[in-house]
Undergrad: 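Attaching a single structure in structure tokens format; questions to follow.
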Amino acid sequence: MLTFNNDIMGLQPSRSMAFMAKAKQMQATDPSVINLAGGEPDFDTPKKICDELFRQINSGYTHYTVGAGLPELRKRIAEKLADENGCNYSPDGVIVTPGGKFAIYLAVRTLVNPGDEVMYLEPAWVSYPSIIEASAAKPVPVRLSLEQNYKVTLEQLEKFVTDKTKILIINYPNNPTGKTLSKEEADALEQFMLRHPGVALIADEIYERIIFKGYSNISMASYPSIADRVITVNGFSKSVAMTGWRIGYLATTPEIKNAMYKLFQHTITCVSGFVQKAAVVALDCAEEIEAMRQSYEHRRDLFVGGLNAIDGVECNYPEGAFYAWVKFDIPGLDSEGVCDYILKEAKVVGVPGIAYGTDDSCVRFSFASSEEDLKQAVERIGAVMAKVKR
Ligand code: GLU
């Protein structure tokens with residue numbers, strides 16, 4: 001009889017992917033269902049990026065590339081990280097990966113041994129614990145509290161660190177809370193890293209170009225004192241609406257990159273060359289990115305403003321990304337119960353807070369959807385919340 005790897009068999013399904021699939025399935029039989037489950041821009045990829053892809057394919061650019069990524073793309077990525085994020089990475093420390101998710105897996109898998117511990121801040125994107133478990137390491141969630149608006153402090157981090165801690169994963173702007181990293185929090189993270197020289201920091205910055213008025217992004221690799229232990233992960237999915245293209249990257253020191261490349265060359269070989277060529281153009285799309293950002297900001301105001309006007313519904317204005325982390329007051333129901341109620345009664349699909357490890361009676365809704373859908377969703381949620389007895 002065949003047996004399987006225990007670490008892999010123990011993995012939970014990705015809840016965000018499961019809810020995205022469920023919403024699509026429901027929509028197939030009932031088009032009135034509004035899908036706010038998946039974190040996916042509703043924009044098309046900018047035309048000039050698509051044009052470049054076709055140009056490359058038509059000119060026969062369909063072969064393997066240098067494994068870690070095209071030199072011109074890695075150079076542009078290092079320049080982008082220097083110019084926009086204040087990080088000093090060499091192109092030789094960059095690996096172009098099939099999506100940001102694989103970059104995180106590659107980093108974790110390369111840095112841990114069985115039984116090592118990986119800390120991450122909770123609420124957390126659904127895949128961090130599974131990526132850690134798939135690497136035979138132990139996920140250690142650092143619970144942040146809603147009452148303190150999920151502020152990260154040195155004191156809280158210190159409660160969870162042990163001599164087995166190898167990595168801390170952070171994600172700002174945050175999925176699912178929409179929080180950005182404040183200077184005070186970034187300083188606390190620097191302090192933590194200085195106190196623990198054997199720990200690496202994975203900074204998942206996939207939403208870094210989607211930041212709203214009054215806030216800014218802080219890249220931890222811009223702190224020179226710890227930069228050599230910060231692995232910055234980013235990609236093209238969210239900022240330039242390229243989710244289906246599957247292209248992301250990580251940046252680190254050439255030494256750490258070489259360790260990761262040992263695994264990369266035996267698993268991925270390289271990302272499609274024509275996709276990489278198109279990604280070079282994607283790094284030159286400031287105007288398109290800004291137009292999308294403005295649109296998300298407008299939709300945030302519309303959606304969150306509308307929800308906050310409903311009795312029993314509360315949501316902080318997200319500072320970045322395109323998720324609303326919405327708290328519902330429905331007596332007797334936890335986040336799964338609330339999500340189910342909203343799904344069945346209002347036909348609006350979100351993802352329950354517990355999928356991110358912290359219930360808080362919250363549901364995550366993506367507002368990367370049409371204004372019409374968002375208005376409709378607010379109206380329907382208002383109507384079903386009016387029926388709740390409190
Ligand atoms: N990151 C997105 C989300 O949180 C897309 C799905 C996924 O890869 O998890 O919804």
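Counting starts at 1 for both ligands and their atoms, in listed order. In this chain, residues are counted from 1 in sequence order.
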Undergrad: Less than 3.5 Å between some nitrogen or oxygen of Ser127 and one of ligand 1, yes or no?
TA: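 In this structure, Ser127 places no N or O atom under 3.5 Å from an N or O of ligand 1.
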Undergrad: Heavy-atom pairs closer than 4.0 Å: do any link ligand 1 to the side chain of Val351, the backbone, both, or neither?
TA: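 No part of Val351 comes within reach of ligand 1.
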Undergrad: Assess, by modelled atom type and distance only, whether the side chains of Arg380 and Gln376 contain a donor and an acceptor separated by less than 3.5 Å.
TA: yes
Undergrad: Do Lys80 and Asn85 pair up side chain to side chain, a donor and an acceptor below 3.5 Å, judged on atom types alone?
TA: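 Present: a donor and an acceptor within the cut-off.
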Undergrad: Is the charged tip of Lys277 near the ring of Tyr61: under 6.0 Å from the six-membered ring centre and within 45° of its axis?
TA: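 Yes, Lys277 and Tyr61 form such a contact.
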Undergrad: Does only the side chain of Tyr356 get under 4.0 Å from ligand 1, or the backbone, or both, or neither? Count heavy atoms.
TA: neither
Undergrad: Kindly confirm or rule out an N or O of Gly39 lying under 3.5 angstrom from an N or O of ligand 1.
TA: yes
Undergrad: Between Lys101 and ligand 1, which residue portion shows a heavy-atom distance shorter than 4.0 Å: side chain, backbone, both, or neither?
TA: side chain
Undergrad: Counting heavy atoms only, which of Glu40, Arg15, Arg364 is nearest atom 4 (O) of ligand 1?
TA: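 Result: the heavy atom closest to atom 4 (O) of ligand 1 is in Arg364.
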Undergrad: I'd like to check which ligand 1 atoms, numbered from 1 as shown, lie under 4.0 Å from a non-hydrogen atom of Ser16.
TA: 3 (C), 4 (O), 6 (C), 7 (C), 9 (O), 10 (O)
Undergrad: With atoms numbered from 1 as shown, which atoms in ligand 1 lie under 4.0 angstrom from a non-hydrogen atom of Tyr323?
TA: 2 (C), 3 (C), 4 (O), 10 (O)
Undergrad: Taking only Lys NZ, Arg NE, NH1 and NH2, and the carboxylate oxygens of Asp or Glu, determine whether Arg293 and Glu297 approach each other closer than 4.0 Å.
TA: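 Yes.
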Undergrad: May I ask you to identify, for Lys238, whether its side chain, its backbone, both or neither come under 4.0 Å of ligand 1 on a heavy-atom basis?
TA: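 Under 4.0 Å from ligand 1, Lys238 contributes side-chain atoms alone.
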Undergrad: List for me each residue that meets salt bridge (charged side-chain N to carboxylate O under 4.0 Å, His left out) alongside Glu205, sequence neighbours excluded, and say none if there are none.
TA: none
Undergrad: Could you tabulate the donor-acceptor pairs under 3.5 Å formed by side-chain atoms of residues 304-315, not counting sequence neighbours?
TA:
from, atom 1, to, atom 2, distance (Å)
Asn308, OD1, Cys315, N, 2.8
Asn308, ND2, Val304, O, 3.4
Asn308, ND2, Cys315, O, 2.9

Undergrad: Determine, for Arg209 against Glu288, whether the closest basic-nitrogen to carboxylate-oxygen distance falls under 4.0 angstrom.
TA: no
